[in-house]
Each structure stands twice: as C-alpha cells, then as structure tokens.
Amino acid sequence: MREQYIPQEIERKWQKFWEENNIYHTPNESDKPKYYALSMFPYPSGRLHMGHVRNYTITDVIARFKKLKGFNVLHPMGWDSFGLPAENAAIQSGRNPADWTLSNIDYMRDQLKTLGLSYDWNREIATCKPDYYKWTQWLFLEFYKAGLAYKKEAGVNWCPGCATVLANEQVEEGLCWRCSDTVEKKKLSQWFLKITDYAEQLLQDLDKLQGWPEKVKLMQKNWIGKSYGTVLKFKVAELDNIEIPVFTTRPDTVFGVTYLAIAPEYPLIDQLITEENKDKVYDYVENAKRMSEIDRASTEREKTGIPLGTHVINPLNGQKVPLWTGDYVLVEYGTGAVMGVPAHDVRDFDFAKKYELPIVEVIKDPNKKEEAPLSEAYIEPGIMVNSGEFTDLESEIGKQKITQWAEQNDVGYGQVQYRLRDWLISRQRYWGAPIPIIYCDECGIVPVPDDQLPVLLPEDVDFKVQGKSPIATSQTFVNTTCPKCNKPAKRETDTMDTFICSSWYYLRYIDPQNDQKVFNSNLVNHWMNVDQYVGGVEHAILHLLYSRFFVKVLRDRGLLNFDEPFENLLTQGMVLKDGAKMSKSKGNTVDPDEIFQNYGADTARLFILSDSPPERDLDWSDTGVEGCYKFLHRVWRLVKNTHENLIFNYQDLNPASLAKENSDLLRETHKAVKRITLDISNEFQFNTAVSKCREFVNYIYDYVNKKETYSDEDKNVLSKAILTLIKLMSPIVPHMAEEIWHELGGEGSIHLTNWPEYDDSLAISEEIPIIVQINGKVREKLTMPVNSTNENIEATAKANPKVQSYIQDKQIVKVIVVPNRLINIVVK
RNA sequence: GCCCUGGUGGCGGAAUCGGUAGACGCGCCGGACUUAAAAUCCGGUUGGGCUCAAACCCAGUGCCAGUUCAAGUCUGGCCCAGGGCACCA
C-alpha cells in the first residue's frame, strides 16, 4: 500500500474500471425492489458549477446507499439541451447551435465522470436530439388531440432581450426570468396548453405529496390561487342589452358598491363610453397600455382611472353608480371588471379617496363601539349594516345568502376562480422543438401526421432575424404540402418552450432507445414514481408544476397509470462563497475542475456534504476543503499503519468473550453503523453522518495508539471496525473506498457489496452516565449499569456525598427518574 | 402589505420524546516529534467569578412573559435576517 493518499492516481483508475465493468448499469428486470433516484438534469452551458456538484453528489450518495441496501437503482443523467444560450452563442460566434451544444455536453459529461457519479450512461438522453424531440412533438400532438393545445390571439409577455414571448411562470416581478429584461405586453397569436383544466387536480393532489417540502407545496398552492366567490351582473343604465359581470370574493359587501371599474383593455369598452368622454378615455387607455408591466403592477404607484360617463345598476339594491376604467383592474383575471367597495377593500379605498367617490360602510367591526368615519378599509368579517333585508347578518353567512339571492333572481352565481393561467408555449426562437403544425388555406390548422415526425430543425436559417422565429427564414422548412389535401401549405415556425422538453424526460430515461413509442407504458408504470428527486428550489413552480401537469394528461391519455411523478423531493440549498451567490461578476466562483485537480473528487464530495444539511445554503470554505482532504489522509494512514494486522475475511467473535477494549471497539462499530444508517435514511443528514465517521475514526485511532502488538482477537475486531468504516464511507468517497477495499483483499467492487448491518443490543453501552439534578440543576454525574431500576438510581444518588450536601437539612418534595437519563430531586 | 423559514461560541453547524447545550469540523492556543520548519500525533478552546491550580459556583441558545420537577425544544407577544407572492377583486 502506498505511503500517501494520492487521489490523482486512484480516481481515474477506478472510473475506468467501473466503466469497463459496467457496474452502474441498471437492468429493467430484477428480483430486487426498484428505486428511482433522479437529479434535475442540467442545461449544457459549458462547464459544471458547484451547484451541479452539490446536486449530483447528494443524489449519487442516495443512489449508492440504496444500491448497497439491496435495491435495483435507476440513476440516470441527461441534458436539457434546447435553449437560448446556444442560439445566442451561434449569433455571436457564428457557430451552429447544435455543435456548440454537443461539444458542451461532451465536456460536461467528462466532468461528471471525473466526479465519480454512478450513472447508467446507457440511458443518457439529450432533448435537442431528433430521437428525443420527435417524441416531444408527438406528445404535443397528444395534447392537441385531447383539446389541450390551442392557438389564440392574446396579450402576451414579450421579452425584448430574448426576442421571444414568455409564460406567466417565467416572468418574475415584471422581468424575464432568464435575462432580467423588462417584459412588455404584445398582442400575438400563440399556442397554449390548457393547464387551467387541471388546476383543481394540481391543487388537490398536492396533499398526496407527503415527501415534498411544505414550502414548495405552498408556493404551488399560491400560484394556482384558488378562490371562492360570486359573479354579479350589473346592467348598464344607459344601454339596454349590455351587462357587466364582476367577480367578487366579498358578495356580502355589495350594498357598499359606489362605482364599478373595468380594465382599460376591456373588450366592450368602446360601447361604454359616452360621446363627450371618448377623447379623454382613449388617451387614458392608450397610456395604460404603454406602461410597462412592472410600473403597472407596482403597488407603490398611485392608482389612476377615469369615468366613462355611463352608469350601472346594482342588482341588489337598484342603485345607479358610475362606471370607470382603472389601470388597477386586470383584464386577465376574473371578468376583467370589479365592483368598487371603498369601505371594505384597500385598493378601492385608495381609489375612492383619490377621486372623491362616496364611501359607504356596510360591514361593522363587532369589536368597535363608537361611530367614527373609516380611516382605512375594514376588510375583516363583521356584521352587515345598511344592507336591506340582509342587515344584521354575520358577514360570512351574508356571503351565502346574497349568492343564493343572486342565483334565484338570475343576476349572478357562485364561482370558483383560479389565478393560474394557461401555459403559453410558443417561442419565436430557433433552438427548440418545432411545433408540429401545418397551416393550410383549405383545411386550416392541420397536425403533422405521426409518420412524418420528427419535424426536423432546418439548417438554412438566418439567426439574426428579429421578432420572428429564425426558422421562418428557411424556405425549405416553411413551404410544405398539406397532409390532408396535398395542396401547398406553410409550417408553423415557432418552437416549443424548453420546459416542455423537461416535463417528461424522467419518463424517457426508462426506455431511452425506443424508436416505436414515446416509451413502453409497462416499464414506465414499473419504475415510476421517482422515489427521490433532487434539485434547486428555483424550479418550485416552473418545472415541477409543468411535470405534474404532464403526468396527469398522459395518465388521462392512457399512457401511464399514476397521478404524480415525484414521490419525494429534496430542494438543495445554494452553494455560496463569502455569504453570496457565486457569480462571475462578483469574482467569487470556485471552479470544480480546479478542486478535482488539487484535491480529487472524493474531497470535493466529502466537503460538499459535510458542512451543511442539504436543504440549507452552503458557504464554500477553502479551509473546510483542506480539512476534508486532511481527514481522508488520516483515514488512509489509519489503514496504512494497521495494514499488516488486518484480515479481509475476519471472524465475527462472540462479544461476551472479548477483552474490554475489544468489546468496546465492537460496540463503537455497531454504534457507528446504526447512527450513520439512520442519518442517511432519515432526511439525508449527510453532515451528521460525516461527523460520525470522524468520531469513529478518532475512536479507532485511540484504540490503535494504545496497542503495540495485536493478538488474533485484536486483529479480527480491528479488521471488522476498519472494513466497516470503509463501507460506511463508500457512498461518499467511492474512489478511496474502492482503493482501500482492494488493498485489503477485496475483489470486484465495494459498490456491489452490501451495506453493513448493526445489532441494536451490541450498539448499547453497558454503563451509562446518569445525571443528578437538584431542583433542576445538574449537580452530579453517576455512572451506572444500563437499565438500572428507578429505585436503584434513587438510592445511589441519595447516597452520593455531593448530592448529600445538597439535600441534607432539606425536605424532599419530589423525585423524578428518567430511566437511563437522569434523576431530578426537588427539595425545599 | 400578505405568506413561509430561520435566529445556538470567533465561524460552519450538533442536540430522537421537553431531560448533561455547544457533538464533529474550521480557526486559534499549548504539548510531543524535529537541528528547524512543514506534515503528523496528543491536549485545550461559551462568558464570568473564585483559585497557584483543580474542585466548585453563577450566567448563557434573538428579546419579554408563561407552562413544567425540567425549556434551545412547548404556548403567547415582540425584534431581526432570509425567501416566496404581490393591485388576483
């Protein structure tokens, strides 16, 4: 065995060995129970960053652990390889996006191999390859056939930076999620997926996801945004046949309506303006439309509006109130119109104050006695006043009564409303899966027949074109014939949002080479759900919501038989440096390649797991890395120095017959197995698992330091301890474990063996400390046999001289004994 | 503004059920080895009091109350930090 631990020598060697012997290949058929461990696949941006390293190391340790525990583990990797950076690189460097992407993949695949991850590379996929996107297109057509993909003209989010539209989920505070450019509104005809049809299921099924962080479920719940309310129809006083429906969650406040406001984009707005107001209102509407999303949506900004000149009739009390348009009313939500109740809505209150509209109080705060004008909106429930026949009702009951009344009198109805909008999937970009649709003058929208898939990306395109997809510049692509009537027709030139590609990739890993079907349903039903999904919390809504939607649709199309894709979800924290997110602009990045070269992958893996629990942020620390490197050297030396006294096929000796130091070492071995097994099984507490490895190593050092020579008994017990240690560490530092295993006489691979078992009865000490408290304060520590009786503990404690000094002359009020823990004597 | 999460030494973080607060590591200090240094091995390291030293005592898990024999852990109120949502009617 080498004097020193030199990772650069051993890591490459074992990576090659593992690959040549195909030890991470996962068969579909197996007697063992299945376990599907999955990391969120990366965008091939060029090189790995520390966030990747952390993500994949966590999943790898789980996969290796489960494999040793006897599971048939599926642990695949692939590439989310469509997307804008490739195209931008193409524009800047003149390279083809495909070349750029594929060479990045090659580099990053090497990096992943250098990290020693236990992937089954036979299952690798890349979403930009035709044999993958063929099936993305096929799935789009499934949605189309189900009536879940449709095209409509709509006001959509346009990112000038990316020169494409975005889905709602991809706009963060009015900015593009990718490039942070200010998002504009544009009216365009675009493809949507009807995710709103599944709003209720997506909400309900969150309850099934016991293995998800509450935080993520809550974010999805808020995003779906279910609310219960009532639609009330207001007739326009000046026009006979027009009604304006409003959605409200507070029908109990309808007697407090003093105006009604519609969105500036309200479709019927033209008819609702009186002649003399037309110029002013059109000016206002134009202004509102020009405003950017952030300005418009800001709650800081003062709300504005303008009266249209017409009026509406309150269906409950017949009152005539003015009709306004205001930029705080959103056309996309509810009916695009709101009833103004200044007394009981914060926004309406602001609006009424500004424009001197009346404020009519109709809900009374039951806790407030004296009459005083409202200084702010009262939005809590209360007792209804000034509300005709509903006066004196409790407002929560009033909601129901008024809704009933509206239904009986045909002026409204109860309604459930969701905040979730349909998913806009068209992108005016090249590097994505083309939407497989043909437009024919005769037949209209015609889906590309299955046998003509994939619709391949053309190569004769001008990437620099603005405002439309570069694909539109390819005449060979655009011009085609209609599959129905064979007459000349045009292809759809937009590509799909890349989130579509990533909504089903975990299914394709199961059957990656199938060229007949999207996947074999039986195999998918066998392997799914993903038992453990690991990735960043930034996908809490986007990717995770879309994937859940996909699975539900595929289930309803008969392609699979489960409701949810991801059984358990671990959202790992970020990797920071000096307390801040690593970024090139801050100059605080740490390059994984450099760490691999200087310290080896095992040190990187060990450090990234040991300093923080996985879901928390991790601050990168050079000295921490150094410490991990030293620890691995320490383990190496331990083995090196005891090497000649170690027996690979050691005997399990009868614990009762062992010398004290050997039974102690055996007990520590069982303890270590128990604690590390539990730490990894429960919540993946790798940081505490690592610290227990270190404690165990320290213990063995103590043992070894006291020995000059080794008896046969010593050798067997020490061998068990050290070989067990190596196995416990093998998921975390796979190369070093493999090397030591072979040095000690192992054959094959340590990663194909079994996780050590522990015996609970041997993991317990014979003597344990018992704390003695007097009036709750620790005064003495006793050492007593495990499982001593309460009487025994009490007698021993009372006999103790120090305890005596505290209890003599005092009256004992109470004695509490917690077995194997402590005794508390209460005295007066 | 609303919702969520978290606040423990110089630092990262431990602490099944309420039961020894500070495991393990980093850093720092000391000892051994060495001509010397590095590396290594061993020991110390919450603050304060007392002491030559130890023993011992007091305080201590963001702040203030409470429940309990016993609170980092439970309850109520507050402060601070981080995250999510944000004119969704």
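Below, chain A is the first sequence line, B the second, and so on; all start at residue 1.
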Nearest listed nucleotide, side chain of [X], among [options]:
X	options	result
A:T623	B:U20, B:C26, B:G25	B:C26
A:R616	B:A23, B:A89, B:A14	B:A14
A:Y701	B:A23, B:G25, B:C42	B:C42
A:S691	B:A89, B:C24, B:G19	B:C24
A:L822	B:C87, B:G84, B:G19	B:G19
A:L218	B:A89, B:C3, B:U40	B:C3
A:P613	B:G84, B:C57, B:G13	B:G13
A:K802	B:C57, B:U40, B:G19	B:C57
A:P769	B:A23, B:U20, B:A89	B:U20

[N] phosphate, OP1 or OP2: any side-chain N/O from [X] under 4.0 angstrom?
X	N	answer
A:R634	B:C41	yes
A:S610	B:G25	no
A:Y328	B:A89	no
A:N824	B:G19	no
A:S227	B:A89	yes
A:N698	B:G25	yes
A:Y806	B:C57	yes
A:K781	B:U20	no
A:Q685	B:A15	yes
A:R637	B:C41	yes
A:R419	B:C87	no

| field | Closest-nucleotide 5' rank along RNA chain B - winner of A:C628 and A:G336 | value | A:C628
| request: Select from A:S612 and A:L330 the residue whose nearest nucleotide in RNA chain B is closer to the 5' end of that strand. | output: A:S612
| query | Counting only heavy atoms not in A:E538, do more than 12 sit closer than 6.0 Å to its CD atom? | reply | yes
Could you state the [atom1]-[atom2] distance from [X] to [N], rounded to the nearest angstrom?
X	N	atom1	atom2	value
A:N705	B:C42	CG	C1'	8 Å
A:E615	B:G83	CD	P	17 Å
A:K221	B:G84	NZ	P	19 Å
A:E3	B:A39	CD	C1'	12 Å
A:F631	B:A39	CZ	C1'	18 Å
A:E214	B:C3	CD	P	17 Å
A:L576	B:G13	CG	P	10 Å
A:L678	B:C17	CG	P	13 Å

Distance check, [atom1] atoms only: [N] and [M], in whole angstrom units.
N	M	atom1	result
B:G62	B:C58	P	22 Å
B:G18	B:C74	P	8 Å
B:G22	B:C56	P	15 Å
B:G77	B:C3	P	12 Å
B:G7	B:U75	P	14 Å
B:G10	B:C17	P	28 Å
B:A59	B:A21	C1'	13 Å
B:A65	B:A71	C1'	14 Å

Counting only Watson-Crick pairs (N1-N3 plus N6-O4 or O6-N4) and G-U wobbles (N1-O2, O6-N3), all under 3.5 Å, who is the partner of [N]?
N	result
B:G66	B:C74
B:G6	B:C80
B:A37	none
B:A59	B:U46

| query | Have A:T669 and A:T724 got a donor and an acceptor in their side chains that come within less than 3.5 Å? | reply | no
| Is there a donor in the side chain of A:K226 and an acceptor in the side chain of A:Y228, or the other way round, less than 3.5 Å apart? | yes
| Between A:E794 and A:K798, is there a side-chain N and carboxylate O pair less than 4.0 Å apart? | yes
| message | Do the side chains of A:D327 and A:K303 get close enough for a salt bridge, i.e. N-O under 4.0 angstrom? | response | no
| Under 4.0 angstrom, heavy atoms only, what part of the nucleic acid is A:R779 near: base, sugar-phosphate, or nothing? | sugar-phosphate
| task | Just call it for A:K777: base, sugar-phosphate, or nothing, with non-hydrogen atoms closer than 4.0 Å on any strand. | result | sugar-phosphate
| query | Can any side-chain N or O of A:S387 pair as donor or acceptor with the backbone N or O of A:M384 at less than 3.5 Å? | reply | no
| Syn/anti label of B:G9 as read from its glycosidic torsion, with the cut at 90° from 0 | syn
| query | What is the glycosidic conformation of B:C42: syn, defined as within 90° of 0, or anti? | reply | anti
| said: I want to check a possible cation-pi pair here: A:R419 against A:Y333, using under 6.0 Å from ring centre and within 45° of the ring axis as the test. | reply: no
| said: Using the salt bridge (charged side-chain N to carboxylate O under 4.0 Å, His left out) definition, which of the options A:K707, A:K706, A:R667 pairs with A:E661? | reply: A:K707
| query | Hey, is the side chain of A:K215 pairing donor to acceptor with the base of B:U5 inside 3.5 Å? | reply | no
| query | Can a donor-acceptor pair under 3.5 Å be found between the side-chain atoms of A:K303 and the base atoms of B:C87? | reply | yes
| Parallel, tilted or perpendicular: ring planes of A:Y378 versus A:H344, cut at 30 and 60 degrees | perpendicular
| query | When the aromatic ring centroids of A:H633 and A:Y5 are compared, is their separation below 6.0 Å? | reply | yes
